[in-house]
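The structure displayed is predicted, hence computed values, not measured ones. When reading the values below, keep in mind they use all heavy atoms of this one structure, side chains included, and skip hydrogens, waters and symmetry mates.
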Amino acid sequence: MPTTFALLDCNNFYVSCERVFNPKLIGKPVVVLSNNDGCIIARSNEAKELGIKMGEPYFRCQPLLEHHQVHVFSSNYALYGDMSQRVMEVLSRLEPQVEVYSIDEAFLRLPAGDEKTLRLIGKNICRTIRQHTGIPVSIGFGPTKTLAKIANRIAKKNPAQRGGCIISAGDDLPPILKSMPVSEVWGIGGRATKKLAGQGIRTAYDLSRADANWLKKNLSITGVRTMRELQGVSCFPLTEIPPPKHSMACSRSFGTPVSELKDMHEATVTYVARAAEKIRAQQLKAGCLTLYLNTNRFSSSQPQYANNRTITLPYPTADTATLIAQAVATLKDLFRPGYAYQKVGVILTALTPEHIQQGNLFLTPRPNTDNLLLALDRINHRWGQDTLQYGSAGLDKPWHHKQNMKSPSYTTSWHELPVALAAETITR
DNA sequence: TCTGGGGTCCTAGGACCC
DNA sequence: TCTGGGGTCCTAGGACCC
């Protein structure tokens with residue numbers, strides 16, 4: 001049965017989240033920064049018009065931002081994550097076949113319908129999500145995911161397409177693809193764009209007509225799939241049930257460079273605890289742990305050092321104390337004094353479901369800490385992250401990343417709920 | 001002074017087997 | 001002096017995504 005894909009995308013998502021709880025920002029230029037207030041990762045349309053680039057380091061464009069009185073926010077993932085869930089819930093109530101693709105995007109699969117039907121569906125989705133969450137969204141339809149992505153891009157740039165741009169695999173397709181630079185095609189990054197340019201392939205249309213053998217050799221099988229998708233042949237299916245994760249990571253850049261082992265130790269413990277909490281939430285255990293650390297690679301005046309090590313754990317575990325002990329021992333091996341470190345990070349891999357565990361013939365049974373961890377997670381969930389934490393994670397955390405302009409966690413913290421004031425009006 | 005974080009997929013090449 | 005061929009598995013690194 002023929003189907004249509006749709007891509008729903010929240011407009012300037014992080015900025016839109018800030019605006020829901022701070023309507024004064026509507027119509028004003030707004031940007032949101034990455035962790036540690038490092039780079040620009042979200043811009044309102046007004047900010048884009050000022051020429052502020054995606055991924056630009058904050059310190060570099062700070063004068064421009066100040067000059068235009070741009071509103072700047074540190075990223076607030078508690079808020080964005082929660083708003084994302086609300087958007088996806090509303091969407092799932094409207095449409096049965098949904099793949100949550102990222103924090104601000106979802107693919108849908110619909111029975112292939114005529115343009116009028118799709119447009120009605122699109123309008124209804126956009127209106128309902130806006131009404132229930134306050135978040136503006138755009139939608140694009142196409143016979144494949146890649147074409148739905150392109151349709152979404154066109155819809156977003158063109159307010160007349162409110163309710164959705166629709167691409168079909170007919171005669172209209174070539175002119176649309178000819179107007180789309182190949183670098184804007186989903187799956188074509190900077191490297192591929194360069195390689196393709198060398199072959200004279202500059203637009204999505206050129207790519208849809210490229211030589212499959214050359215593509216396979218130079219862009220791997222995924223390049224060939226993208227080409228087929230541009231032709232209207234679906235190669236990337238909808239995955240409604242997210243596959244289990246293969247890895248779980250936690251890392252942050254330090255607010256200021258760190259040289260002391262004590263601080264590195266505290267940060268390592270903090271990130272291990274967080275990563276362990278995350279895999280427990282998904283009923284997983286880790287078989288391996290990777291620890292890595294590095295100095296600031298952008299600094300030409302400071303001596304550079306980066307290292308990493310992966311260890312196999314004695315048995316798969318999600319027990320924070322066990323993981324901390326292993327990570328700290330690894331840290332002591334990797335740490336070299338005399339460097340200004342910028343970051344330490346932890347990756348848990350070889351993840352397996354907690355109820356399917358391979359036993360070990362030669363190890364004594366390990367202590368069962370399941371109930372302790374359950375209580376820990378429940379308390380932190382109920383009363384907020386780090387209500388209970390391991391002592392070695394430190395209290396002051398002088399190395400903590402910068403977050404100087406963060407908005408309140410309006411929807412996830414009892415202490416930070418927005419307050420609505422109603423003025424009494426007298427009408428007689 | 002100040003440059004994010006968390007994922008996935010694919011491939012080449014090494015190690016190893018018979 | 002001359003030293004195969006075919007296969008699997010694993011891993012590091014590259015590329016891409018948001």
- Derivation of the salt bridge (Lys or Arg N to Asp or Glu O under 4.0 Å) call for A:Glu99 and A:Lys145: CA-CA 11 Å; A:Glu99 172 189 340; A:Lys145 282 182 163 181; 2.7 Å; yes
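Here, C:dC18 and B:dC2 have their C1' atoms 24 Å apart, quoted to the whole Å.
Side chains of A:Gln231 and A:Ser208: a donor-acceptor N/O pair is absent below 3.5 angstrom, by distance only. No hydrogens or angles considered: nothing links the side chains of A:Tyr271 and A:Glu266 as a donor-acceptor pair under 3.5 Å. One side chain, A:Ser138 or A:Asn11, offers a donor N or O that lies under 3.5 Å from an acceptor on the other. Counted by atom type alone, A:Asn307 and A:Tyr305 present one or more donor-acceptor pairs between their side chains at under 3.5 Å.
Among the atoms of the strands shown, only primed sugar atoms or phosphate atoms (P, OP1, OP2) are found under 4.0 Å from some heavy atom of A:Ile188. No contact: A:Leu33 has no heavy atom under 4.0 Å from any strand. Among the heavy atoms of the strands, none lies under 4.0 Å from A:Asp37. Backbone-only contact: A:Lys216 has heavy atoms under 4.0 Å from sugar-phosphate atoms and none from a base. When heavy atoms are screened at a 4.0 angstrom cut-off, A:Lys194 is found touching no nucleic acid atom at all. Within 4.0 Å of A:Tyr58, counting heavy atoms only, lies no atom of the nucleic acid at all. Residue A:Glu56 is classed as having no contact, given no heavy-atom separation below 4.0 Å to the nucleic acid. As judged by a 4.0 angstrom heavy-atom cut-off over every strand, A:His401 is placed among residues making no nucleic acid contact. Nucleic acid contact for A:Gln342: sugar-phosphate only, since backbone atoms but no base atoms lie under 4.0 Å from a heavy atom of the residue. Here A:Gly190 lies in heavy-atom contact (under 4.0 Å) with sugar-phosphate atoms only. Backbone-only contact: A:Val185 has heavy atoms under 4.0 Å from sugar-phosphate atoms and none from a base.
Of the side-chain N and O atoms in A:Arg225, none sit less than 4.0 angstrom from OP1 or OP2 of B:dC9. Taking 4.0 angstrom as the limit, A:Ser247 places none of its side-chain polar atoms (N or O) nearer than this to OP1 or OP2 of B:dG6. Distances shorter than 4.0 Å separate some side-chain N or O of A:Ser253 from OP1 or OP2 on B:dG5. A close approach under 4.0 Å does occur between a side-chain nitrogen or oxygen of A:Ser251 and OP1 or OP2 of B:dG6. Considering only side-chain N and O atoms, A:Asn296 lies under 4.0 angstrom from the phosphate OP1 or OP2 of B:dT3. In this model, the phosphate group of B:dG6 is not approached by any side-chain N or O of A:Lys343 to a distance below 4.0 Å at OP1 or OP2.
For A:Arg297 against B:dT3, no side-chain N or O and base N or O form a donor-acceptor pair under 3.5 Å.
For residues 275-296 of chain A, the salt bridge (charged side-chain N to carboxylate O under 4.0 Å, His left out) pairs, not counting sequence neighbours, are A:Arg274-A:Glu277, A:Arg280-A:Asp377. Every pair passing salt bridge (charged side-chain N to carboxylate O under 4.0 Å, His left out) that includes a residue from residues 305-320 of chain A is listed here, sequence neighbours excluded: A:Arg309-A:Asp333.
Distance CG (A:Asp104) to P (B:dG5): 19 Å, rounded to an integer number of Å. Per the geometry, CG belonging to A:Asn218 stands 17 Å off P belonging to B:dC10, to the nearest Å. The nearest whole Å value for the distance from the CD1 atom in A:Ile279 to the C1' atom in B:dG6 is 15 Å.
For the strand DNA chain C, secondary-structure stems (runs of at least three Watson-Crick or G-U pairs, all distances below 3.5 Å) span B:5-18 with C:5-18.
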